[in-house]
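The next block holds one structure in the form of structure tokens; read it before the comments.
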Amino acid sequence: MIQTLRRLFLTLLFLSVSTPNLFASAEDEAAKESPIDIMGTVADHDYLKTPFGKIYLPRIFYWENEAGEASLDAFSNSKAAIASGSFEDVDGIVTPVAGSIIVDFSITSHLIYFWLSLGAVFIFTMFARGRYLKGVGRESEPKGAVQNLFEIFFVFIRDEVAKPNIDDRKHAKYVPYLFTVFMVIAFMNIFGLLPWAATATADITVTAVLAVCTFVITQFSGTKDHWGHVFWFPGVPLGVKFLMIPVELIGLITKPFALAIRLFANMMSGKIMIIAILGLIFIFNDMYGTVAAYGVSIFSVVLTAVLYILKLFVSLLQAYIFTLLSAVFIGMAAESHEHDEEHYHAEHTA
Amino acid sequence: MEFAYLAAGLGAGIVAIGAALGIGMIGRAATESIARQPEASGDIRGAMILTAAFIEGVALFGAIICIILALKS
């Protein structure tokens, strides 16, 4: 068996080395460019890919013409915007002929998937709500796959994420947010695994918005102790207190920044890895011919299948990590110390 | 500049070394402590994932900078 495989791979290796000479004359100069567009697959688009073709999405611009008049214009798609005469296509980006875009409100593929996952969470939660209002799950056991699934996730977020990390008296207030953020990220990640779909979380703007939500909630739930730590660090000499203020302020910003980057980079790197490994087939096809492409596809397809299973796990894990870290940050800010630190130190060092 | 590509490649490698060292240490410590105290394995696993996530975050900062370097040139 091993012998056969080795012979097969040696043959393929030989073919991959020898075929360029055979096909070199047929090579087209124009085909020199990479046959796959790696960054294009993770970028945001003005159309929605479906199994039946592309659906072009509306473009909405708040823009300024050359006279300096700002106006809000909506077009049914990019082509209509260009056909209107005030916009032109510059390297695939719709830009005004004169003037500039102030805010681009266009509905893009990532936004659609963000809304889709929000809708999915809404339907999921409202379904469970209906069941609980009827008394199923309160007076009796939860019924059906959907309600049981809801209960698994909800109890997990409440008991494993919120309760251990946030102050016991306050944690119930944050469970709805944590549950929503977990489900939305999980849905977005899993929608991204569909063959034609876009991963909304592989976009820094989407993850940044989620991180800003966590940041705002964290700051609004900050207690006196939290702000005391930021502006007047307890238990250090006076000079160091002033030194700690900028450090603590930077610390406030880096937490949501790291949250956004972590989710974004994880989802994007997974996507790029899969595209790159599958793209090897097409690159080999271009460079060394069809036989080499078939050879590479054995390796590529198997590796991609394994990567997809890993990505399914990573989708849920990253949603969990985002939620867990949000809970930890909120818990750190909402924590109020039982006794003040100086008093505590004096008591315990004596 | 071609050197930007070189820097991006080397940087990605160094980032991977750092992250591997960090996560390896966490894994070793976590498995050791689970072996010593199997009843606390749930808590230890949670702490392990949390710490690994922090290290991963730092590693990803590096990786993103490498990607930006490679795409900029």
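Excluded from the calculations below are hydrogen atoms, water molecules and symmetry mates; all remaining heavy atoms, backbone and side chain alike, are included. Letters go in sequence order (proteins before strands), and every chain restarts at 1.
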With rounding to the nearest 0.5 angstrom, report the CG to CD distance, A/Asn266 to B/Glu56.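 Those atoms lie 4.0 Å apart.
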Relative to the ring of B/Phe54, is the ring of A/Phe329 parallel (under 30°), tilted (30 to 60°) or perpendicular (over 60°)? tilted
Top contributor to chain A interface from B/Asp43, B/Leu50, B/Ile49 [non-hydrogen pairs under 4.5 Å]: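 Of B/Asp43, B/Leu50, B/Ile49, B/Leu50 has the most heavy-atom pairs under 4.5 Å with chain A.
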Taking A/Arg262 for its side chain and B/Ala53 for its backbone only, find out whether a donor-acceptor pair lies under 3.5 Å.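 Yes.
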Can you pull out the residues in residues 212-223 of chain A with any heavy atom less than 4.5 Å from chain B?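 Near chain B, by residue number: none.
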Taking only heavy atoms into account, what residues of residues 170-191 of chain A are found under 4.5 Å from chain B? none
Counting heavy-atom pairs under 4.5 Å to chain B, which of A/Leu263, A/Ile261, A/Leu317 comes out on top?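 Of A/Leu263, A/Ile261, A/Leu317, A/Ile261 has the most heavy-atom pairs under 4.5 Å with chain B.
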Looking at A/Phe154, I'd like to know if its CZ atom is crowded, meaning that more than 12 non-hydrogen atoms belonging to other residues, nucleotides or ligands lie closer than 6.0 Å. yes
Give, as side chain, backbone, both or neither, the part of A/Glu160 having an atom under 4.5 angstrom from any heavy atom of chain B. neither
